[in-house]
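A short worksheet on the structure shown next.
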Amino acid sequence: MMDAEIKNLLKKQHYRIVGDHSAVKLCHWLKRSLLEDRVCYKQKFYGIQSHRCLQMTPAVTACTQKCVFCWRPTQYTDTEMREWDDPEVIVEKSLQAQRVLLSGYFGLPDRVPARKLKEALEPTNVAISLAGEPTMYPRLSELVGLYKERGMTTFLVTNGTNPDVLETMELPWNLYLTLAAPDEKVYKRVCHPQIDGWGRIMRSVDVFSGLKTQRVIRLTLVKGMNMVGAEKYGEMIERANPDFVEAKAYMYVGFSRYRMTMENMPSFGDIEEFSKEIEKYCSYRISDFQRASRVVLLKK
């Protein structure tokens, strides 16, 4: 059972708790899509519809790391899951939670198009990310499969510390591997691993190249902390051989604001400049970007 204090903290941050260890939260860009007809970089890069995306996690407090840039209160971190809900329950309740979170938008008929809001109630994509490390949920393969059975595309974001799961699970449509450091020294300073994480991540980098799905390396970049070692990032990218690379700025949101400052959030110009530096050390080139999200996309 989730601790009452962490549950209350998450609710104050507009998380909707699902069962004993999962959560849903409306994405910033889903809201922007409904209210302003603006879309996120995932729609621009990969074609998913921002207003029909379900952002959830099956492991909201479980993680192998306590990253300084994490949205959640990392003082509440479970390093293993001893009990877990059935995936069928998580899928059904996550969709219900999304509908509850969207219900308030029915009170804004002059700002939110009725057609678009109706579509938002029936998500066509699920981003299994949000907070925590989803590969710690033992029935993740079944969870992905059940969302697929509902006709939804699936995104999964992992920190790479469970390579055995990546080798054996049912793969999502779009798999993200987050790299937040160019070497182990920076990794320990930025990610505060609760296990011997660096070796596992390097194994995931090697596993990644052989996985039969669309694969994205995500560089989560924090100014003054991990925007160094472009050559080493380039080497890891070549080893992983992804379809795409996203160089993405850390965003000063959630509980990370208690650990970081606004100065740690790179500008779009910072991200663009660092991406050009990475280009020098790998075969990937800048192909797209979204300035508002401070993200640059690279591909071969």
Side-chain angles (χ1 to χ4, degrees), residues 10 13-16 18 22-57 60 69-72 94-95 97-108 111-132 134 147 152-158 172-176 178 214 216-222 244-257 262 265-268 271-272 275 287-298:
L10 291 170
Q13 291 287 321
H14 307 294
Y15 288 74
R16 187 86 179 179
V18 172
S22 304
V24 171
K25 186 177 182 179
L26 293 184
C27 176
H28 166 82
W29 284 103
L30 183 154
K31 299 174 188 177
R32 297 283 70 77
S33 181
L34 290 177
L35 294 167
E36 302 168 13
D37 200 30
R38 299 171 63 198
V39 300
C40 75
Y41 64 93
K42 292 188 181 75
Q43 179 164 331
K44 187 180 182 186
F45 297 168
Y46 311 117
I48 67 102
Q49 293 180 290
S50 300
H51 71 292
R52 303 191 73 177
C53 184
L54 167 67
Q55 181 181 232
M56 65 81 63
T57 173
V60 68
F69 54 77
C70 186
W71 297 354
R72 66 183 180 84
S94 66
L95 292 167
Q98 183 87 335
R99 289 191 283 271
V100 171
L101 289 167
L102 285 166
S103 60
Y105 289 87
F106 284 99
L108 302 170
R111 297 185 61 192
V112 179
R115 174 198 58 79
K116 204 167 188 180
L117 182 54
K118 184 178 179 181
E119 288 179 348
L121 295 173
E122 300 294 334
T124 53
N125 182 73
V126 56
I128 305 173
S129 54
L130 183 58
Y147 281 121
M152 300 172 69
T153 51
T154 49
F155 280 48
L156 175 68
V157 181
T158 176
W173 177 66
N174 205 55
L175 177 64
Y176 276 86
T178 297
Q214 183 165 277
V216 184
I217 289 292
R218 157 79 63 77
L219 307 180
T220 301
L221 300 171
V222 186
F244 302 98
V245 178
E246 288 180 10
K248 176 78 172 64
Y250 151 71
M251 304 303 282
Y252 185 68
V253 296
F255 289 91
S256 75
R257 293 173 295 177
M262 282 286 288
M265 184 168 65
S267 67
F268 174 75
I271 297 299
E272 186 177 38
S275 298
S287 65
D288 209 343
F289 63 88
Q290 187 175 39
R291 189 176 298 272
S293 296
R294 309 186 189 203
V295 60
V296 169
L297 184 74
L298 300 94

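As the structure is a computational prediction, the values presented were derived from the model and not from experiment.
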Does atom CH2 of Trp71 have more than 12 heavy-atom neighbours, drawn from other residues, nucleotides or ligands, at distances under 6.0 Å? no
Measure the spacing between NZ of Lys44 and OG of Ser50 and express it to the nearest 0.5 Å. 12.0 Å
Distance from Phe268 atom CZ to Arg291 atom CZ, nearest 0.5 Å? 5.0 Å
Test side-chain contact (heavy atoms from CB on, under 4.5 Å) on Tyr15 and Val24 and set out the steps. CA-CA 6 Å; Tyr15 288 74; Val24 171; over 6 Å; no
Close side-chain approach of Leu95 to Pro123, heavy-atom, < 4.5 Å: yes
Between the side chains of Ser94 and Tyr147, is a donor N or O closer than 3.5 angstrom to an acceptor N or O? yes
Is any side-chain heavy atom of Phe69 closer than 4.5 Å to one of Thr220? yes
Would you please test Ile271 and Val295 for side-chain contact (heavy atoms from CB on, under 4.5 Å) and show each step? CA-CA 7 Å; Ile271 297 299; Val295 60; 5.9 Å; no
Out of curiosity, Leu298 CG to Ser287 OG, how far, rounded to the nearest 0.5 Å? 6.5 Å
Can Tyr176 and Thr158 be counted as having a side-chain donor-acceptor contact under 3.5 angstrom? no
NZ on Lys42 to OG1 on Thr153, rounded to 0.5 Å: 11.5 Å
Side-chain contact, heavy-atom cut-off 4.5 Å: Asp288 with Phe45? yes
Under 3.5 Å side-chain donor-acceptor pair for Ser275 and Glu272: no
Can the ring centroids of Tyr41 and Phe289 be said to lie less than 6.0 angstrom from one another? no
Does Arg294 use its side chain to pair, donor to acceptor, with the backbone of Tyr250 at less than 3.5 Å? no
Mind checking the CG-CG spacing from Asn125 to Leu30? Nearest 0.5 Å is all I need. 11.0 Å
At what distance, to the nearest 0.5 angstrom, does CG of Leu297 lie from CD of Gln290? 11.0 Å
Would you say that Tyr105 contacts Leu121 through its side chain, given a criterion of any heavy-atom pair below 4.5 Å between the two side chains? no
Is any NZ, NE, NH1 or NH2 atom of the basic residue among Glu246 and Lys248 found under 4.0 Å from an Asp or Glu carboxylate oxygen of the other? no
Report yes if some heavy atom in the side chain of Arg38 is under 4.5 Å from a heavy atom in the side chain of Ser33; otherwise report no. no
Assess the side chains of Gln214 and Tyr46: does a donor N or O sit below 3.5 Å from an acceptor N or O? no
Could you check if a side-chain atom of Pro266 sits within less than 4.5 angstrom of a side-chain atom of Val222, using non-hydrogen atoms only? no
Please determine whether side-chain contact (heavy atoms from CB on, under 4.5 Å) holds for the pair Val60 and Val18, giving the CA-CA distance in whole Å, both sets of side-chain angles, and the decisive distance to 0.1 Å. CA-CA 10 Å; Val60 68; Val18 172; over 6 Å; no
Close side-chain approach of Val245 to Val216, heavy-atom, < 4.5 Å: no
Quick one: does Arg52's side chain have a donor or acceptor within less than 3.5 Å of a partner on Glu119's backbone? yes
Determine whether a donor-acceptor pair (N or O, by modelled atom type, separation under 3.5 Å) exists between the side chain of Gln98 and the backbone of Cys53. yes
Heavy-atom pair with the smallest gap, counting every atom of Lys25 and His14: CG-O, 3.5 Å
Can you tell me which residue among Leu34, Leu102, Leu54 is in a side chain to side chain contact (heavy atoms under 4.5 Å, CB included) with Leu26? Leu102
Working for side-chain contact (heavy atoms from CB on, under 4.5 Å), residues Trp173 and Phe155: CA-CA 6 Å; Trp173 177 66; Phe155 280 48; 3.3 Å; yes
Restricting to salt bridge (Lys or Arg N to Asp or Glu O under 4.0 Å), what partner residues turn up for Lys116, sequence neighbours left out? Asp37
So does Ala127 get a backbone contact from the side chain of Gln55, meaning a donor-acceptor N/O pair under 3.5 Å? no
